[in-house]
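Here the structure is laid out as structure tokens; the discussion comes afterwards.
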2 protein chains.
Amino acid sequence: MNRQFAFRPVKVKQMNTQLDDTAPDGEPDATQLILTDIQSGLFPQGAWLKQIDLETRYGRGRNEIRRALDRLAQKRIVEHVPNRGYHVYKADGKQADDIAEIRIMLETGIIPKVVEMATADDIRNLRALANRFESLILHGTMLELYEANLNFHGALVQLSGNGELNSVIAELRQRTSSAPVSQWRTRARIEKSSQEHHQMVDLLEAGKADKLKALIETHIRQG
Amino acid sequence: MNRQFAFRPVKVKQMNTQLDDTAPDGEPDATQLILTDIQSGLFPQGAWLKQIDLETRYGRGRNEIRRALDRLAQKRIVEHVPNRGYHVYKADGKQADDIAEIRIMLETGIIPKVVEMATADDIRNLRALANRFESLILHGTMLELYEANLNFHGALVQLSGNGELNSVIAELRQRTSSAPVSQWRTRARIEKSSQEHHQMVDLLEAGKADKLKALIETHIRQG
DNA sequence: CCATCCAAAATTGGTACCAATCTAGGAGAA
DNA sequence: TTCTCCTAGATTGGTACCAATTTTGGATGG
């Protein structure tokens, strides 16, 4: 047969490029729902996640729950014990330090490139994100604060032009901050964080790479 | 009731701390099997992985195959298209560069600590691993070489004392090297790599952190 | 009173089946 | 012939069921 490429009406289908996909209907993936409930402190460290409970809570089939739990286990957010089930991972102190160390290496490592690449628009954008975090201290929930913080750091990382880095860092952050966000930090610490966000933008604008690196290091270490 | 902690014969059960678990019977997980077949080039880039084929090939139930494919999709080694199946991810050039960049940041970032921590035993061990790689150039398969290389770098990272770093780097490596190992590199490049392994051990023994960093950077970039 | 043992209930996890969807290939019209 | 439409086959993916394992709570014996 000759016509190897007949033209047919091709239905383009969206592929899953995201890590945690959302259904096109706006129905969020069960993985994300469970993760949020862990981060919000609803499921504390060590809690057992029973499949039936999750099934009824999120209104999903057993299958989707099982898949979600397996994914969270791969990300080491929950732990799987055969024939016993899944429970929320207990973050070790040493482990948290190790992960912070990795984040420091990555988030400071890209700073030279970030300083080089940042445009005036980028800096405006970062300022907006820093402001958003600041305003949420008073009027937002802890979860919103947590996400605003993620957005700020994510935007900074994005400037490096390294598309893979974001997913790697996001994954790392998910691993530690599964500690209840409710008692994330004290109010004083949060306000200090907010100030540091603004300082970071200032240092970036001034092009002071070394001082920015040092600030990020302390910022992550105390977080 | 008063006795909150009654002593019963406790059956200790092994938990899954590894990323890709192997069953206690020595039956390897389907995820690992498929991954190896991808890395060995049996399933080339873009190939569709049909569930029935995998089922018969590995002698596993449909369920385990599905779980394995989902895990590989989470790791971005395969891509999932709804109602069409899973196919081997096509590695982008830019993406490979980005991942190499991340590896450089991490593997050079820990060098100060590695230099500080390394004992004479550690150095002997590294030499042995470098020798093993060298000897496999002649008598080993490409897959064995690939794994020996992983072992060498893994041992080096291990010296940093950062337990999390290994899993992060291992995951990164899996993402790029899903390109067929068969045509991994030319013979000349492999021999150069082997030489560099030895040089790295030498520099580590001499305590020359900066030169070691530079060598690792070029080593990763050309790999 | 306390530890041990046993049976019932609950939970996990695998297998089989079936509906929804897509692809391949042939029949029919221009 | 060449394009379009349609049916048959293949594949994916969800649901339901059931076996294996564990936990719970009470009965039994020291």
Side-chain angles (χ1 to χ4, degrees), chain A residues 1-16 20-25 27-31 33-34 43 46-74 78-88, chain B residues 1-16 20-25 27-31 33-34 43 46-74 78-88:
Chain A
M1 194 168 295
N2 242 354
R3 58 181 173 93
Q4 294 197 9
F5 295 96
F7 281 112
R8 305 190 170 190
V10 174
K11 289 178 194 168
V12 176
K13 195 133 196 181
Q14 197 183 11
M15 298 183 187
N16 289 334
D20 290 12
D21 24 1
T22 58
D25 317 359
E27 285 216 56
D29 182 84
T31 312
L33 292 174
I34 299 174
F43 301 129
W48 288 96
L49 302 176
K50 295 185 189 172
Q51 297 179 3
I52 298 180
D53 295 346
L54 303 178
E55 230 172 302
T56 60
R57 175 173 176 81
Y58 305 114
R60 305 303 171 84
R62 161 81 47 119
N63 227 318
E64 189 173 343
I65 298 296
R66 285 221 278 246
R67 195 167 39 211
L69 287 172
D70 186 69
R71 287 181 183 177
L72 292 173
Q74 293 300 305
V78 303
E79 191 177 20
H80 177 60
V81 184
N83 288 317
R84 295 244 322 168
Y86 299 81
H87 64 87
V88 181
Chain B
M1 195 167 295
N2 241 353
R3 57 179 175 95
Q4 294 196 10
F5 295 97
F7 281 112
R8 304 192 169 189
V10 174
K11 290 177 194 168
V12 175
K13 196 131 195 182
Q14 197 184 12
M15 298 182 186
N16 290 332
D20 291 12
D21 24 1
T22 57
D25 318 358
E27 283 216 57
D29 181 82
T31 311
L33 292 174
I34 298 174
F43 302 130
W48 288 94
L49 303 176
K50 296 184 188 173
Q51 297 180 3
I52 298 180
D53 295 346
L54 303 177
E55 230 172 303
T56 58
R57 175 173 176 83
Y58 306 113
R60 305 302 171 83
R62 162 82 46 117
N63 227 319
E64 188 172 344
I65 298 296
R66 285 221 277 245
R67 194 166 41 212
L69 287 172
D70 186 70
R71 287 181 183 177
L72 293 174
Q74 293 299 307
V78 304
E79 189 176 20
H80 176 62
V81 184
N83 289 316
R84 296 242 328 175
Y86 300 80
H87 64 87
V88 181

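The chains referred to below are lettered A, B, ... by the order of the sequence lines, with proteins before strands, and numbering in each begins at 1.
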Exercise for review: Sorted by first residue and then second, give each ring pair (Phe, Tyr, Trp, His ring centres under 6.0 Å) pair with at least one member in residues 46-71 of chain B; sequence neighbours left out.
Suggested key: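 Non-adjacent pairs meeting ring pair (Phe, Tyr, Trp, His ring centres under 6.0 Å): W48(B)-H87(B).
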
Point to revise | Interatomic distance, W48(B) CH2 vs dA10(D) P [rounded to whole Å] | key: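 These atoms are roughly 19 Å apart.
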
Check your understanding: When the distance from CG of D70(B) to P of dT12(D) is rounded to whole Å, what number comes out?
Key ->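 Answer to the nearest Å: 14 Å.
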
Review point. Heavy-atom distance under 4.5 Å between the side chains of V78(B) and I34(B), does that happen here?
Key: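 The answer is no, as the side chains (C-beta and beyond) never meet within the 4.5 Å cut-off.
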
Review point. Can you tell if the side chain of L49(A) reaches within under 4.5 Å of the side chain of F43(A), non-hydrogen atoms only?
Key: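 Yes - at least one pair of side-chain heavy atoms lies under 4.5 Å apart.
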
**Study point:** Separation between CD1 of I65(A) and CD of E55(A), rounded to the nearest 0.5 Å
**Key:**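 With rounding to 0.5 Å, CD1 (I65(A)) is 6.5 Å from CD (E55(A)).
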
Check your understanding: Got a sec, which residues hit side chain to side chain donor-acceptor pair (under 3.5 Å) with R57(A), two or more places apart in sequence or on another chain?
Key ->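 With neighbours one apart ignored, the set is D37(A).
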
Table of protein N/O atoms under 3.5 Å from nucleotides 11-13 of chain C N/O atoms:
unit_1: dT12(C); atom_1: OP1; unit_2: Q51(A); atom_2: N; d: 3.2
unit_1: dT12(C); atom_1: OP2; unit_2: Q51(A); atom_2: N; d: 3.4
unit_1: dG13(C); atom_1: OP1; unit_2: H80(A); atom_2: NE2; d: 3.3
unit_1: dG13(C); atom_1: OP1; unit_2: N83(A); atom_2: N; d: 3.0
unit_1: dG13(C); atom_1: N7; unit_2: R66(A); atom_2: NH1; d: 2.7

